[in-house]
Amino acid sequence: MNRKLYLAALGLIFIVLLFGAPFMKAGADAGLFEVRDLGNMGEEAQFYENAPEDGVLNTLVGFKKTLTDLYTDFMPGYYETVFAYGKARDTLNAPTASLYADMRSNAGKTQTETPTEPTTSLDTLSNQPIGEEAVDADLPEPEPEEPVDPRDQVVSVSSTLLKSTGTHRYYRIDATFGDGFETSFLDTAVDLTDKAKEARVTLQAKKLNKIAEAVPDVNFYFMLLTRMQDTDYYEDVIVGEESTGKYADLFLSLLDERITAQKWDIGTLRDRVEKVYLTDHHWSTYGSYCGFCQLCEMICPDHEPVALGEPIDFPETRFYGSAARTCQTLDLWDPFRVYDCDLGTYKCSPIWKFERQVKFLAKQKYVTPDVNVYAVFFPEVYTVEYPDNHTGRNLLVIGDSYTQGFVELLGSAFDKTVAYYYTHYSGMDYRAVIEENGITDVLFEQFSDRILFDIYGDDRLSAIVLD
């Protein structure tokens, strides 16, 4: 009898898990209820190119990915179980982690500078007459080194591997700067072969060129939304991992000459921690403002950008980025801050009002990773019009989630701005959008993981209608 009850209980659990996930997803998609999930970014396990039956293989991979996504975020009890485990783990590890961080920080602060090698080289001394003292040699004066801003001076930095997935390795980085500022953040390394990286970059550049060529009489701009792995200093931060900077440069070199392109600037490690969320790949609200100023210099250098404005903080709210959700580092989150830029009079669709959002979020207390606070504050806006502007220029932005909370700001430099997010590329009639909205300028901007390597298999550029 007990055995039958045991088997019946197991069978019931199996049935609930088997059919529960599809039911939860269908209900969530239909808007019948909300499912608490960890917001994990889907990972593409494998991508086959120029292989026998590569179409069939990619179909199977896509089916596997769909099942994996379905039976994680939508599995009944998945969120509650993982969240409880992560919280318990961080609580137990907190004393050890704190001690380790203090030891690392103190070691970094007490480090002495490594003696520099003499500037005199064999080549310098090759013309010195034999027998004369070295002081009589006609040696060039060493060039004085520019002083390093203590804010940018990295006193100590270390990284710890947290997790590996199908396409990324996730690291926790601890850093101390010359002005005493200490921080911890999460970042990634792309897990693809060099051959796969080059092949994808080449393919992605062709797709972007095809879009730019479709309507040659508009100004076409591109901003690569840089990751830390695209920088020169990356290899000094995560030792043993390679920078993808050369692939970013390769991509830019392959772009058609009609495309005016640039990288979003995070040229120092301090830029990384101030312009990008600590627990996410996404630019922060301050980083998006810096991107706005950078784009103004490229697209409309005569335009005076609006001022940054006063910061507004939400002390009752925590922002857990995608890296924190993936690694379940619940002891590390971002405080959420926005800036009250005086954007003047504008209208947008859907209707979005900054002051109303501030009041709404101030009443909330989001402290768990199932809420994407950034997306709550900055929903997708599709059109922005500034009636007092008379620039004679209308902008089309083709971007990804970086466009959220950004298009209202960028639109202040144009009469009208139309935004298409990557989830809506499918079926987008590129020529019709340009003609119907009197578009004079097009800006394509995407996160480098997506545009360089199509790392999640969701860029959908080929689905944009160009004919």
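Below 30°, between 30° and 60°, or above 60°: for Phe378 and Tyr374 the angle between ring planes is between 30° and 60°, a tilted geometry. Using the six-membered ring where Trp is involved, Tyr247 and Phe453 have ring planes that are perpendicular, over 60° apart on the 30 and 60° scheme. Ring geometry for Tyr402 versus His281: interplanar angle of 30 to 60°, hence tilted.
A salt bridge is absent between Arg460 and Asp400; no separation between the charged side-chain nitrogens and carboxylate oxygens falls under 4.0 Å. A salt bridge is defined here as a Lys NZ or Arg NE, NH1 or NH2 lying under 4.0 Å from an Asp or Glu carboxylate O, and Arg272 with Asp187 meets this definition. Arg151 and Glu274 are joined by a salt bridge, as a carboxylate oxygen and a charged side-chain nitrogen come within less than 4.0 angstrom of each other.
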Under 3.5 Å donor-acceptor pairs involving side-chain atoms of residues 351-358, not counting sequence neighbours:
residue: Trp352; atom: NE1; partner: Phe377; partner atom: O; Å: 3.0
residue: Gln357; atom: NE2; partner: Val376; partner atom: O; Å: 3.1
residue: Gln357; atom: NE2; partner: Phe377; partner atom: O; Å: 2.9

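Partners of Arg393 under the salt bridge (charged side-chain N to carboxylate O under 4.0 Å, His left out) rule, at least two apart in sequence or in another chain, are Asp441. For Arg227, the salt bridge (charged side-chain N to carboxylate O under 4.0 Å, His left out) partners at least two apart in sequence or on another chain are Asp230, Asp449.
Counting only N and O atoms by type, the side chains of Thr368 and Asp370 include a donor and acceptor under 3.5 Å apart. A side-chain donor from one of Glu445 and Thr403 sits under 3.5 Å from a side-chain acceptor of the other. Between the side chains of Gln446 and Asp459, no donor-acceptor pair is found at a separation under 3.5 Å.
Checking side-chain atoms of Asp256 against main-chain N and O of Asn209 turns up no donor-acceptor pair under 3.5 Å. With hydrogens and angles ignored, the 3.5 Å screen pairs a side-chain donor or acceptor of Tyr421 with a backbone N or O of Val381.
Between Tyr289 and Tyr339, the gap from one ring centroid to the other reaches at least 6.0 Å.
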